[in-house]
Number of protein chains: 2
Amino acid sequence: MPKAQSIADEVRRRIVELKWRQGERIPDEADLAVEFDAARATVNKALQVLADEGLLDRKRRAGTRVAINPVSKATFSIPIVREQVEEAGMAYSHRVVAQRLSPIPAQIAARLGLPEGELLVHLRAVHYADGKPYQLEDRWLNPRAAPGLQQAGFRDLNANEWLVRNAPYLRAEFSFSAENADRRDARLLQTRQGQALLILHRTTWNDLGPITTVRVAFQPGHRFGAGEGRDHAG
Amino acid sequence: MPKAQSIADEVRRRIVELKWRQGERIPDEADLAVEFDAARATVNKALQVLADEGLLDRKRRAGTRVAINPVSKATFSIPIVREQVEEAGMAYSHRVVAQRLSPIPAQIAARLGLPEGELLVHLRAVHYADGKPYQLEDRWLNPRAAPGLQQAGFRDLNANEWLVRNAPYLRAEFSFSAENADRRDARLLQTRQGQALLILHRTTWNDLGPITTVRVAFQPGHRFGAGEGRDHAG
DNA sequence: CTTCAAAATAAGTATAGACATATCTGCTGT
DNA sequence: ACAGCAGATATGTCTATACTTATTTTGAAG
């Protein structure tokens, strides 16, 4: 095991076992280097890891303190829905329900930071697993931030897959909420009106501007998990 | 701006602008060190950052490639609800609805990795903002993993706050789902039965075992956001 | 042509040394 | 008492060097 990592583990252990308490100052890098018989750079690396994890707060001259409230990093992948379904051993299919160039409403404009009424591609599609609705996408696409999108053809484009493979992004925003299924949601997901649905809003940007924003409505009962250090799907 | 960071930014730019495409091999550390006039250690640090972000896949001898699978990291903190409410300029209050030592049902046992029937503290509480229900907690606490919990007294304990301040954890798991409010949810959140509720399940562990698992039901309409990512696509 | 071992390679890790920079502490003079 | 400056100090960053380790390539032996 790498030395830096074993130092990080030991420091983590001391924090979890309350040997070093929240808000308390811990020995400086030089002292720890002596204690662990390592170079200062190695101790520095270990402590930086813990600071990234949110366990330590570090400030020049002021030293290193145990963070007051720890932060958890969860990892989301933006999955290719087809692969996700197939990995679960089910047959994937996909249907584009609607698709046209359309002026964006105020709410979407605000989310994207574009002027209201700008023309973007509006796409509604359903992903199926073994013929049953799996998730429902309501998506706006900005061809200006994703050159090549026009050529990809919109007729039966699987936007999710095309974007994952062709449009790297610099920034993303996620939010979760819950909504009662309206008439359309219920019809497309083949469930009853009023059914509680987990809704994920996701927007991505690159240096040319917003790429896409999407509202994903999951199949009733779906659980979206995120555990520390693990890759998870959605 | 630190050199390592500007190298990372430049590499990121080349990926986003498709100069280096997915799956493609990028120059090795030594070559990049020459190009950017830096030591190899500095280039290494920059590329490690990008690999952590999920943008690059690195393997000894095989070199560094642009990652195929997009991964986005979002950071959750476990908030102190009281502070969250007060920061929004509202008055916080809190009510413990039920609380007793109770054998855990199978579902909770499975989630915690403990034997069914083990005695844990079961707690139900409501957090209020300006007198209106803000969120509803249904929590199981393991005193064995959080010594001092007994002394903290369960009568009107704000478990959320006590835990954040006194029980650092090593691992956490989150999941989101949506549920229609049942009778009890509706009563405690002062909403109608059937209302779609965003549900967060959260479990934390330290080296002594599971600390707590909690089901949080948010006020109707609540949106749980997580921003900041940096990778691929859609 | 196959198998397997040795060589080459690129990343992984650690080190000592140096300098930069933020910020805390204490001193100084008014 | 107080403002402001000077030093001290802990972390931030970079470099050159060395050695380690996983993996691919090569090439020799069967």
Side-chain angles (χ1 to χ4, degrees), chain A residues 1-15 19-68 70-71 73 229, chain B residues 1-15 19-69 71 73 75 230-231:
Chain A
M1 175 186 277
K3 211 163 181 174
Q5 198 185 313
S6 69
I7 293 172
D9 286 350
E10 172 60 17
V11 172
R12 216 186 332 256
R13 203 183 57 80
R14 291 183 189 177
I15 293 169
K19 181 168 176 179
W20 290 337
R21 296 181 164 265
Q22 321 219 159
E24 204 171 291
R25 181 147 169 224
I26 76 171
D28 67 36
E29 293 184 348
D31 290 349
L32 291 174
V34 171
E35 183 192 338
F36 292 113
D37 186 32
R40 185 170 76 89
T42 307
V43 173
N44 180 276
K45 194 177 175 189
L47 297 186
Q48 296 240 13
V49 166
L50 297 179
D52 277 354
E53 284 178 13
L55 221 51
L56 296 176
D57 282 333
R58 321 192 69 205
K59 265 189 359 204
R60 272 177 172 147
R61 160 72 200 192
T64 299
R65 293 175 177 281
V66 179
I68 305 274
V71 163
K73 270 183 186 146
Chain B
M1 176 186 276
K3 210 163 182 174
Q5 197 184 316
S6 71
I7 293 172
D9 286 349
E10 172 60 17
V11 172
R12 216 186 335 256
R13 203 183 57 78
R14 290 183 190 178
I15 293 169
K19 182 168 176 180
W20 290 337
R21 295 180 165 267
Q22 299 185 243
E24 204 171 291
R25 178 143 172 228
I26 76 171
D28 67 34
E29 293 183 348
D31 290 349
L32 291 174
V34 172
E35 181 190 341
F36 292 115
D37 186 31
R40 185 170 77 90
T42 306
V43 173
N44 180 275
K45 194 179 175 186
L47 297 186
Q48 296 240 14
V49 167
L50 297 179
D52 277 355
E53 286 178 11
L55 252 192
L56 296 176
D57 282 334
R58 320 192 69 206
K59 266 190 356 204
R60 274 177 169 142
R61 161 74 205 200
T64 299
R65 294 174 177 280
V66 180
I68 309 250
N69 289 66
V71 167
K73 276 178 185 152
T75 305
R230 211 167 243 157
D231 302 303

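The figures here come from the full heavy-atom set of this structure, side chains too, leaving out hydrogens, waters and symmetry mates. These numbers were taken from a predicted model, which means no experiment stands behind them. Throughout, a chain's letter reflects where its sequence line sits, starting with A, and its residues are numbered from 1.
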Note, B:L56 side chain near B:I15 side chain (heavy atom, < 4.5 Å): yes
Worked verdict on B:E29 versus B:R58 for salt bridge (charged side-chain N to carboxylate O under 4.0 Å, His left out): CA-CA 11 Å; B:E29 293 183 348; B:R58 320 192 69 206; 2.6 Å; yes
Test: B:E35 and B:R14 ion pair at under 4.0 Å: yes
Nucleic acid contacts of residues 42-49 of chain A, taken as heavy-atom distances under 4.0 Å to DNA chain D: A:N44, A:Q48
Beyond-backbone contact of B:V66 with B:R21, side-chain heavy atoms, under 4.5 angstrom: no
5'-most by nearest nucleotide on DNA chain C - A:A62 or B:A41: B:A41
Sugar-phosphate, base or nothing in reach of B:A30, heavy atoms under 4.0 Å: nothing
Touch class at under 4.0 angstrom, heavy-atom based, for A:A38 against every strand present: sugar-phosphate
Boundaries of the DNA chain C segment in contact with chain A, non-hydrogen, under 4.0 Å: C:dT13 to C:dT25
Nearest-nucleotide comparison on DNA chain D, the residue closer to the 5′ end among B:R40 and A:R25: A:R25
Lys/Arg N to Asp/Glu carboxylate O, A:E10 vs A:K19, below 4.0 Å: no
Toward the 5' end of DNA chain C, by each residue's nearest nucleotide, B:R60 or A:A39: B:R60
Side-chain heavy atoms of A:L32 within contact of A:R40, under 4.5 Å: no
Any donor-acceptor N or O pair under 3.5 Å, side chains B:Q48, B:D52: no
Contact boundaries on DNA chain D for chain B, cut-off under 4.0 Å to non-hydrogen atoms: D:dT13 to D:dT25
Any B:T64 side-chain heavy atom under 4.5 Å of B:D57 side chain: no
Heavy-atom side-chain contact between B:L50 and B:V11 under 4.5 Å: yes
Sugar-phosphate only, base, or nothing, as touched by B:D57 at under 4.0 Å among non-hydrogen atoms: nothing
Main-chain N/O of B:D37 paired to B:K3 side chain as donor or acceptor, under 3.5 Å: yes
Side-chain heavy atoms of A:R12 within contact of A:E53, under 4.5 Å: yes
